[in-house]
Amino acid sequence: MRLPLNPGESIEMFVRMLRLGWEPDGYTYPFVLKACGEIRGNGVVGFCVHGVVVKNGLGDCNVFVCNALVMMYFKSGVLRDARKVFDEMCERGVEDVVSWNSIVAAYVQSGDVKGALRLFERMGRRGEFGVRADAVSLVNVLPACGVGKAWRRGKEVHGYAVRSGLCEDVFVGNAIVDMYAKCELMDEASKVFERMKVKDVVSWNAMVTGYSQVGRFEDALSLFKRMKMEKIDLNVVTWSAVIGAYAQRGLGYEALDVFRQMQLSGSEPNIITLLSLLSGCASVGALLQGKETHCYAMKEILNVSTNDPGDNMMVINGIIDMYAKCKSANIARAIFDSIPLEDRNVVTWTVMIGGYAQHGEANDALQLFSEMLAQNRYVMPNAFTISCALMACARLAALRFGRQIHAYVIRNHFESSTFFVANCLIDMYVKSGDVDTARVIFDNMDNKNSISWTSLMTGYGMHGRGEEAIRVFDGMRRAGMPIDGVTFVVVLYACSHSGMVDQGMNYFHRMERDYSVIPGVEHYACMVDLLGRAGRLNEALNFIKEMPMDPSPIVWVALLSACRLHTNVELGEFAAAELLKLEAENDGSYTLLSNIYANARRWKDVARVRSLMKYSGIRKRPGCSWVQGKKGTATFFVGDKTHPRSHEIYDLLADLIHRITALGYVPDTRFALHDVDDEEKGGLLFEHSEKLALAFGILTSTPGMPIRITKNLRVCGDCHTAITYISKVIDHEVIIRDSSRFHHFKNGSCSCKGYW
DNA sequence: ATAGGGTTAG
């Protein structure tokens, strides 16, 4: 009799057999149990068959039947019952290598790596009873060593494979290579790989992906080249891995080029290829190629109805992420909105929130995050989501919201899950003007990485607490943290904003000598800024002349703003001209130049810059300041009268100006003319956005509490003077974050001490 | 029986 292939029919026939009174034997049961395992999740039928087996007394003596039972329970996801049957066999000492392999595979696949390894060890001790691991055992257990990074056990298995000669088997060899690769022991993996007499495409792929995952991209790519030279049949895994390697390095165009080669070779891309490709496009902002991939993906998704819905969602998430990273948040949002609420998973929400947070739509990010919390039926935020939301808070200096998220983090025990959340919290508190709380979080972290240290150091730098920044740097070195180019940007920035010129110079000279970090253009820009802020403009210029590379726009901007601070018209004109040559001028550099002229009272030149801007179609970004109130954020532009409490605000401001004038404040009219596109409004000094925000802050906050204001541009010079005076007559510390740094105004002085 | 994938920080 030939059994039907369809598992359903198989079971049906078995039932008919029982009804007709036939007694199944030791050959029948394995067939029907296999069928039960194949019908996923149908443990019930399998359980009934188990009952029949027990009734007929076969469960005690027939190893084939028992093995089939173990397999059936394992495939039906009932690990506990599989283990029970297996243990009964062991007690009677009837189990064979297939029984062991089945139970180990069951543990590996259910994710219990440690349990699997324990079982495998016990299997080794059964050797004297004639149970010897075969190729299948090794291929079962090796991935468990890889996943659990249990490389000692992996080495033992490798040794056994060599002694038993099983390593000649290409499957075993591949599994060993992959085990070492997963344990990040690529040199071991390479040794095994090179010694393999028979290699297949899987062996090569395991090596390529291994190198790629430990960041050895050059090695991954040279293997890929060797594959092509040795005419190995590249499959979709190879191509996807190479595309992924390029994408991970941020080389999206190279990834796209490999994709083109793949298409020429006739290999059909699959879902993983698409995901790798999308992340490549996202990393370089290649919108056009991203759209192409989007079209291709839609075709795939529509054609293949058998796709796993989870896989499809991954592709859609990749597409949303790609659009968001290619600065097309609107398209991303349209796709996001088209996904039914119940289908969106946590990544769908996170890529959209993160997309907004990274591209200047931080308000939308927080709005969406709130919506996500409000629908708590389908998904909850994870550490990724929280990090993205905190990034948005940091951009907006949204301290209130940030604190709420901090509370959420504590309630839901996110703080210990990864570095990311805690590091983002540090950054959020720093950028919202509360370094001291950032410090508390830092101190409470069980593990810190270099980003934790640099984030805190950036914080002290931004707040003009240079000495403390340097102490953090010293601590970072003592903790053995890697010191890289970014670390030094932060160190130099901190020196520059605290006027620590000599120390900054010293660090600059030591970075290559003592830390082998070669100064890049960004470090030269920091030095120009450091010297410039301190008024040593000629030294700054010499620094630029002696740079080993061409100065980039940031270098000239640093010089230009130093010229504004110290009113050096000639050098300022020079810097502006250099920016113009690089075609890197923007509204900021025009404003700086116009301010330089205004400082020197050269009004004609001010007018000239203004008409130049009009001519080239560059408009000054309107200055804008905001304060967080209990009822949300209040935003002010110059001369803004749209706020419902506008009258009170202007009255209070007039009163304050009156009072500080008595203390010696003289309005600095040079700044009145700076707002190039607000000339018709008269540019009345006391209508500047930061002053309006301050007045609103005073009106709405409890006496004694600090008032925190954020401005999109640099704070205006007259406002800086006025607020310094105002801090004498009010009962609040005033903390302003502008585009350059923090200013803490208290009792008639500002923490920036002129370095801004 | 072995290989590949999407979201986060300075």
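Sequence lines set the chain letters: A, B, ... in the order given, protein chains first and strands last, and positions in each chain run from 1.
The CZ atom of A:Phe488 sits 20 Å away from the P atom of B:dG10 (whole-angstrom rounding). Residue A:Phe259 contributes atom CZ, which lies 17 Å from atom P of B:dG5 at whole-angstrom precision. Summarising the geometry, the separation between CE on A:Met313 and P on B:dG5 is reported as 20 Å, rounded to the nearest angstrom. One interatomic measurement links the two molecules: CE of A:Met445 to C1' of B:dG10, which rounds to 12 Å at whole-angstrom precision. We find that CD of A:Gln248 is positioned 13 Å from P of B:dT8, with the value rounded to whole Å. Atom OH of A:Tyr323 and atom C1' of B:dG6 are 16 Å apart (whole Å). For the pair A:Met457 CE and B:dG10 P, the interatomic distance rounds to 14 Å; values are reported in whole Å. The distance from atom CG of A:Asp169 to atom P of B:dT2 is 12 Å, rounded to the nearest whole Å.
Taking 3.5 Å as the limit, the base of B:dG5 and the side chain of A:Asn270 contain no donor-acceptor pair of atoms between them. Side-chain N/O atoms of A:Asn449 and base N/O atoms of B:dA9 include a donor-acceptor pair closer than 3.5 Å. Counting distance only, with no hydrogens placed and no angle test, the side-chain atoms of A:Thr454 and the base atoms of B:dG10 include a donor-acceptor pair under 3.5 Å.
Within the 4.5 Å cutoff, no side-chain heavy atoms of A:Tyr460 are placed close to those of A:His497.
A:Phe419 does not qualify as a stacking partner of the B:dA9 base, lacking a centre-to-centre distance under 5.5 Å together with planes within 30°.
Under a 4.0 Å N-O distance rule, the pair A:Glu194/A:Arg226 qualifies as a salt bridge. For the pair A:Asp178 and A:Lys182, the salt-bridge criterion is met [side-chain N within less than 4.0 Å of a carboxylate O].
The side chain of A:Lys325 lies closest to B:dT7 when the candidates are B:dG10, B:dA3, B:dT7. Comparing atom distances between the A:Ser450 side chain and each of B:dG10, B:dG6, B:dG4 picks out B:dG10 as nearest. For A:Asn345, counting side-chain heavy atoms from C-beta on, the closest listed nucleotide (B:dG6, B:dA1, B:dG10) is B:dG6. Each of B:dA1, B:dT7, B:dG10 was ranked by its minimum atom distance to the side chain of A:Phe384; first place goes to B:dT7. You'll find that the side chain of A:Phe420 is closest to B:dA9, out of B:dA3, B:dT7, B:dA9. The listed nucleotides are B:dT7, B:dA1, B:dG4; the one nearest the side chain of A:Val347 is B:dT7. Across B:dA3, B:dA9, B:dG10, the shortest atom-to-atom separation from the side chain of A:Thr209 is found for B:dA3. In this structure, the nucleotide among B:dG5, B:dA1, B:dT7 sitting nearest to the side chain of A:Thr350 is B:dT7. The side chain of A:Val202 lies closest to B:dT2 when the candidates are B:dT2, B:dA1, B:dT8. The listed nucleotides are B:dG10, B:dT7, B:dA1; the one nearest the side chain of A:Ala135 is B:dA1.
The residue A:Ala241 sits apart from the nucleic acid: no heavy atom pair falls under 4.0 Å. At a threshold of 4.0 angstrom between heavy atoms, the contacts of A:Met391 are confined to the sugar-phosphate backbone, with no base atom among them. Note on A:Asp178: only backbone sugar-phosphate atoms sit closer than 4.0 angstrom, heavy atoms only; bases stay farther off.
Aromatic ring centres of A:Phe442 and A:Trp453 lie closer together than 6.0 Å. Ring centroid separation for the pair A:Phe488 and A:Tyr515 comes in under the 6.0 Å cut-off. For A:Phe217 and A:Tyr246, the distance between ring centers is not under 6.0 angstrom.
Put simply, A:Gln358 has a side-chain N or O that comes within less than 4.0 Å of OP1 or OP2 on B:dA9. The shortest distance between the side-chain N/O atoms of A:Lys199 and the OP1/OP2 oxygens of B:dT2 is not below 4.0 Å. Proximity of A:Gln213 to the phosphate of B:dG5: a side-chain N or O atom is located under 4.0 Å from OP1 or OP2.
Among A:Trp204, A:Tyr211, A:Trp239, the single residue meeting the ring-ring contact (aromatic ring centres under 6.0 Å, His included) criterion with A:Phe224 is A:Trp239.
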